[in-house]
Amino acid sequence: MKKFIEKIIQGLFTVSGFVTSIAILLIVLFLFTEGMGLFKNKLVEDGYQLVVNKQNDVSSLSAEQIKDIFDGEITNWNEIGGRNQEIILFRLNDISNYFTDEELGSELEFVPEKISELIAQHPEMIGFIPQQYIDNAFKGKVLEAGKIGFSDIFLGKEWIPTATPVSFYGILPLVTGTLWVSLVAILLALPFGLAAAIYLAEMANHKMRNILKPLIELLSGIPSVVYGFFGLIVIVPLVQKLFHLPVGETGLTGSIVLAIMALPTIITVSEDAMRNCPRSMREASLALGGSKWQTIYKIVIPYSISGITSAVVLGIGRAVGETMAVLMVTGNSAVIATSILQPLRTIPATIAAELGEAPDGGVHYQALFLLGIILFVITQIINSSVEYVSAKNKI
Amino acid sequence: MNKIEVKNVDFFYGNFQALKNISLDIEANKVVAFIGPSGCGKSTFIRIFNRMNDLIPETRLKGSVKIDGVDIYQKGIDVDELRKNVGMVFQRPNPFPKSIFDNVAYGLRVNGLKDKHFICQKVEESLKGAALWEEVKDKLKESAFALSGGQQQRLCIARALAISPSILLMDEPASALDPISTAKIEELIWELKKTYTIVIVTHNMQQAARVSDKTAYFYLGEMIEYDDTKIIFTNPKKESTQNYITGRFG
Ligand SMILES: Nc1ncnc2c1ncn2[C@@H]1O[C@H](COP(=O)(O)OP(=O)(O)O)[C@@H](O)[C@H]1O
Ligand SMILES: [Mg+2]
């Protein structure tokens, strides 16, 4: 009977362990398929086409060129390999400048036909029109729109996901934003966190520790919005004043808030690790004439290095993945930040802010998933390198 | 002059008095054994000589403890220096999770010695002193944890010898070891006594009889009797001692 129950329990553990592992793998797989779907998309917004007159020599345009044309930066076809003609832009809502309401029909049923005519009449015109208006009778030429390429994404310096007719999904500003904020956050949090952990584990007396430890543990339970709010009303003005900036919402502000958030985790986890160093190890070191400090850094810290590593990894993980607080205090500008004192934007903040407005399954949506993957990869790289370093230092 | 002089020592853990008015003198290059039932204060007493009890919060000592004529509890004593002079071997082997070499070199390095050649020489000398050299000379770079319990304990002795103390404290150094390793440690103590003054706590009466010149019997925080080992084991003056060594309690 007892054997039988044990078998059942074993079975339960095996099944649940297996199912959980598979589920996790599936989630990762889902992320990847959704994100990679991005590369199947055309540059031009889904469901639309760029059209020109049949006589136009230009037959394809790059994303940059399209953007510059519609932003009015390129105004003549000869700038992009065409004839010397002023470019005329045509968007769907320009149609009333060319035709009266009667001409378009009461139900707008003549619109496709009229656009076709318009393009045929104007050799210098470029139109951005819905795909469904282009049928066999269409008298213009559809420009070939390339697919979104790896370089558009990974080397792209602009993240403008909702622009028409082409959106930009360059992840560089977001990646640099994330790295900036997390790196500085960890640089701030590590020394203070370790110092606090050493103080608590090795120097504070009983009473002090019994007061401080629960307080610090309490801090790790505070939701991040609250930290964000705190950052907004305390750190933002502080940074602004300190560095004489026009705005206080900068990468540094985010880093400071993140560092404060990561501190409780770093402190408690590494303090626990240090306290786990057996008394006999400390006694051995002290009995050999080692000073208290030598004992800490030659014995206690190396002994608890794997615990300290976990603390660091958890801390960095929190910093890299943190969304809300960062969203609130970094100024949210998706440009490549060259200094930590500029407003910037991180990957998680971008996902959180934009996922709600990105249509399901659309390009923007897939781009956000790709960001998720990038975040995943960044965290993996950081974790492995931290573990590699700590494995080397292990005694 | 005696190497160690203890006068009227009381020791308290908080409000609990673990040692009561203890006085004894220890001559240089002698082996002194502390015996007595569990909890009678032997460990507390031996840890007084290198101020190891300082680590335990809320402890107090009254009386005087002199080593080479200097009160080691007076103000201005450098405890780290004291511990370099008074080596200690613990009940359970407690090597660091480092290589054999680094374990022995540890005490030298924390004392600021950097000269590689000197350190190597000292490590070899200490391992020889602890009768471990022949067994480990080809694997100095290996982890100390790969050694057997008995070897680990001799490594801990070597580690203590490396900093050239003049006194060696051993708190039940063989209690966690098998009989063969125990015999090796006892032999070693005979050797070491030429150079060091040794204080050893032991549970094992025969061991005390075999290795020590003098024996102190403790009971409930008091030192009942302190005399030549021969006398303690053949003709003790107190009945309590007699009862203990004949195994009537303890
Ligand atoms: N850290 C401590 N705090 C409080 N009491 C202690 C502590 N260490 C030992 N004691 C008490 O002091 C007495 C002597 O202990 P100890 O010196 O370890 O005895 P022994 O080594 O002879 O077995 C015991 O009653 C023990 O409970
Ligand atoms: Mg003891």
Side-chain angles (χ1 to χ4, degrees), chain A residues 197-214 270-312 387-395, chain B residues 14 43 46-47 49-58 78-99 102-113 126 143-145 152 155-165 167-171 176:
Chain A
I198 289 174
Y199 168 73
L200 278 180
E202 303 291 327
M203 296 173 194
N205 63 24
H206 259 303
K207 267 188 215 146
M208 207 57 182
R209 181 168 32 238
N210 288 346
I211 297 171
L212 286 179
K213 190 100 194 275
S270 47
E271 197 250 4
D272 281 342
M274 286 184 216
R275 303 254 293 161
N276 272 336
C277 176
R279 206 176 93 177
S280 66
M281 289 295 129
R282 289 166 219 268
E283 286 189 338
S285 168
L286 293 167
L288 289 166
S291 67
K292 186 163 187 164
W293 179 238
Q294 284 171 326
T295 304
I296 291 173
Y297 83 83
K298 283 185 179 251
I299 301 296
V300 178
I301 290 180
Y303 195 94
S304 42
I305 193 75
S306 62
I308 294 175
T309 310
S310 317
V312 175
E387 272 172 27
Y388 175 76
V389 170
S390 85
K392 276 197 134 180
N393 288 340
K394 205 176 173 82
I395 52 170
Chain B
S43 295
I46 200 174
R47 289 161 63 93
F49 300 122
N50 65 344
R51 292 188 58 168
M52 220 52 191
N53 288 327
D54 290 14
L55 305 180
I56 303 166
E58 296 178 30
D78 183 341
V79 180
D80 297 342
E81 282 305 318
L82 166 73
R83 290 178 183 151
K84 281 167 206 166
N85 184 35
V86 186
M88 184 160 203
V89 177
F90 297 82
Q91 184 164 354
R92 301 198 155 273
N94 58 351
F96 301 123
K98 298 174 185 282
S99 71
D102 287 344
N103 260 280
V104 184
Y106 183 84
L108 301 168
R109 289 183 178 144
V110 295
N111 285 318
L113 284 169
S126 312
S143 166
F145 286 175
Q152 287 188 10
L155 180 68
C156 292
I157 295 175
R159 187 172 66 179
L161 299 184
I163 47 172
S164 317
I167 298 172
L168 210 50
L169 309 174
M170 300 180 160
D171 190 352

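Sequence lines set the chain letters: A, B, ... in the order given, protein chains first and strands last, and positions in each chain run from 1.
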Looking at every heavy atom in both [X] and [Y], which two are closest together, and how far apart are they?
X: A:Gly289; Y: B:Lys84; answer: O-CE, 3.7 Å
X: A:Met281; Y: B:Pro95; answer: CE-O, 3.0 Å
X: A:Ser285; Y: B:Tyr106; answer: OG-OH, 2.6 Å
X: A:Glu283; Y: B:Phe90; answer: OE1-CE2, 3.4 Å

For this session: Report the C-alpha distance between B:Arg109 and A:Lys298 in whole Å, list the side-chain angles of each, state the deciding distance to 0.1 Å, and finish with yes or no for side chain to side chain contact (heavy atoms under 4.5 Å, CB included).
Result: CA-CA 10 Å; B:Arg109 289 183 178 144; A:Lys298 283 185 179 251; 4.2 Å; yes
For this session: Before giving the answer on side chain to side chain contact (heavy atoms under 4.5 Å, CB included), spell out for A:Ile299 and B:Lys98 the whole-Å C-alpha distance, their side-chain angles and the decisive distance to 0.1 Å.
Result: CA-CA 10 Å; A:Ile299 301 296; B:Lys98 298 174 185 282; 3.9 Å; yes
Exercise. To the nearest 0.5 Å, how far apart are CZ in A:Arg279 and CG in B:Leu55?
Worked result: 7.5 Å
Exercise. Quick one: CE on B:Met88 to CG on A:Leu288, what's the gap to the nearest 0.5 Å?
Worked result: 11.5 Å
Problem set entry | Neighbour count above 12 (heavy atom, 6.0 Å) for A:Met208 CE | no
Exercise. Relative to chain A, which segment of B:Arg92 carries a heavy atom at a distance below 4.5 Å: side chain, backbone, both, or neither?
Worked result: neither
Exercise. Non-hydrogen atoms of chain A under 4.5 Å away: do they reach the side chain of B:Val86, the backbone, both or neither?
Worked result: backbone
Problem set entry | Top contributor to chain B contacts, counting heavy-atom pairs under 4.5 Å, from A:Ser280, A:Ala284, A:Gly290 | A:Ala284
Seminar exercise, completed: Of the listed B:Gln91, B:Arg83, B:Arg159, the one with the largest count of heavy-atom pairs under 4.5 Å with chain A is B:Arg83
